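Everything below concerns the one structure shown next.
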Amino acid sequence: MNDFYLQVFEVVKLIPKGRVSSYGAIAKALGTAKSSRMVGYAMNLSHKHDPKIPAHRVVNRNGLLTGKHHFASATQMQELLNKEGVQVIDDKVCNFEHLFWDPIKEIKVE
DNA sequence: AATGTGACATACC
DNA sequence: TGGTATGCCACAT
């Protein structure tokens, strides 16, 4: 598949347990900040490439679980996050800024 | 090649 | 607060 998806998957897989990231941040980290939508799109197909991709750790810039509808269950995403130690309240990540994992820092170092 | 789409982001009303 | 509109760009058809 195209590098874009692969890069997205790699970044998402790099997200540490108990941490979260945003589509825009990932897109920016890949160099295509304007393709934030594609990041979510990639997540949709993520299971086809690597089912183990923790798509639940990726939320929008607001910390909202906007993509929960694409999971097996609307609550699956929240449940997974809670299990990993991420407190989710009202479909949004609590202390999002605090738990936010910046992929740019991890990718920049290479 | 052209058109449609979208798990975003931002702006506007 | 919340819906609507536009930009954006890579993928799908």
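Quantities reported herein were computed from a predicted structural model and do not represent experimental measurements.
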Notebook entry, point to check: For residues 93-102 of chain A, which residue pairs qualify under salt bridge (charged side-chain N to carboxylate O under 4.0 Å, His left out), counting only residues two or more places apart or in two chains?
Noted result: none
Next item on the list: Rounded to the nearest 0.5 Å, what's the gap from CG on A/L30 to CD on A/E10? Could you check?
Entry: 9.5 Å
Checklist line | Separation of B/dC8 P from A/L30 CG (nearest whole Å) | finding: 16 Å
Next item on the list: Name all pairs fulfilling the side chain to side chain donor-acceptor pair (under 3.5 Å) condition that reach into residues 24-36 of chain A, sequence neighbours left out, sorted by first residue then second.
Entry: none
Check: Sequence neighbours excluded, which residues qualify as side-chain hydrogen bond (donor to acceptor under 3.5 Å, both in side chains) partners of A/D50?
Finding: A/K13
Next item on the list: Could you check which residues of residues 82-89 of chain A get a heavy atom under 4.0 Å from DNA chain B? Sort them by number, please.
Entry: none
Solution key, residues 61-81 of chain A side-chain donor-acceptor pairs under 3.5 Å, sequence neighbours excluded:
{"unit_1": "A/K68", "atom_1": "NZ", "unit_2": "A/D91", "atom_2": "OD1", "d": "3.3"}
{"unit_1": "A/K68", "atom_1": "NZ", "unit_2": "A/D91", "atom_2": "OD2", "d": "2.4"}

Protein and nucleotides 10-13 of chain B: nitrogen or oxygen contacts under 3.5 angstrom:
{"unit_1": "B/dT10", "atom_1": "OP2", "unit_2": "A/R61", "atom_2": "NE", "d": "2.9"}

Tabulate protein N/O versus nucleotide N/O from nucleotides 3-7 of chain B, keeping only pairs under 3.5 Å, one per line.
{"unit_1": "B/dG6", "atom_1": "N7", "unit_2": "A/R37", "atom_2": "NH2", "d": "3.4"}
{"unit_1": "B/dA7", "atom_1": "OP1", "unit_2": "A/H70", "atom_2": "NE2", "d": "3.4"}
{"unit_1": "B/dA7", "atom_1": "O5'", "unit_2": "A/H70", "atom_2": "NE2", "d": "3.4"}
{"unit_1": "B/dA7", "atom_1": "N7", "unit_2": "A/G40", "atom_2": "O", "d": "3.1"}
{"unit_1": "B/dA7", "atom_1": "N7", "unit_2": "A/N44", "atom_2": "N", "d": "3.1"}
{"unit_1": "B/dA7", "atom_1": "N6", "unit_2": "A/M43", "atom_2": "O", "d": "3.0"}
{"unit_1": "B/dA7", "atom_1": "N3", "unit_2": "A/Y23", "atom_2": "OH", "d": "3.0"}

Note to self: Can you list everything that forms a side-chain hydrogen bond (donor to acceptor under 3.5 Å, both in side chains) with A/E84? Sequence neighbours excluded, please.
What the structure shows: A/H56, A/R57
Next item on the list: Output every pair passing ring pair (Phe, Tyr, Trp, His ring centres under 6.0 Å) with a member in residues 80-104 of chain A, not counting sequence neighbours, ordered by first then second residue.
Entry: A/F96-A/F100
Item checked: A/L14 side, atom CG; A/I107 side, atom CD1 - distance, nearest 0.5 Å -> 7.5 Å
Margin query: Base, sugar-phosphate or nothing for A/S36? Non-hydrogen atoms, less than 4.0 Å.
Written below: base
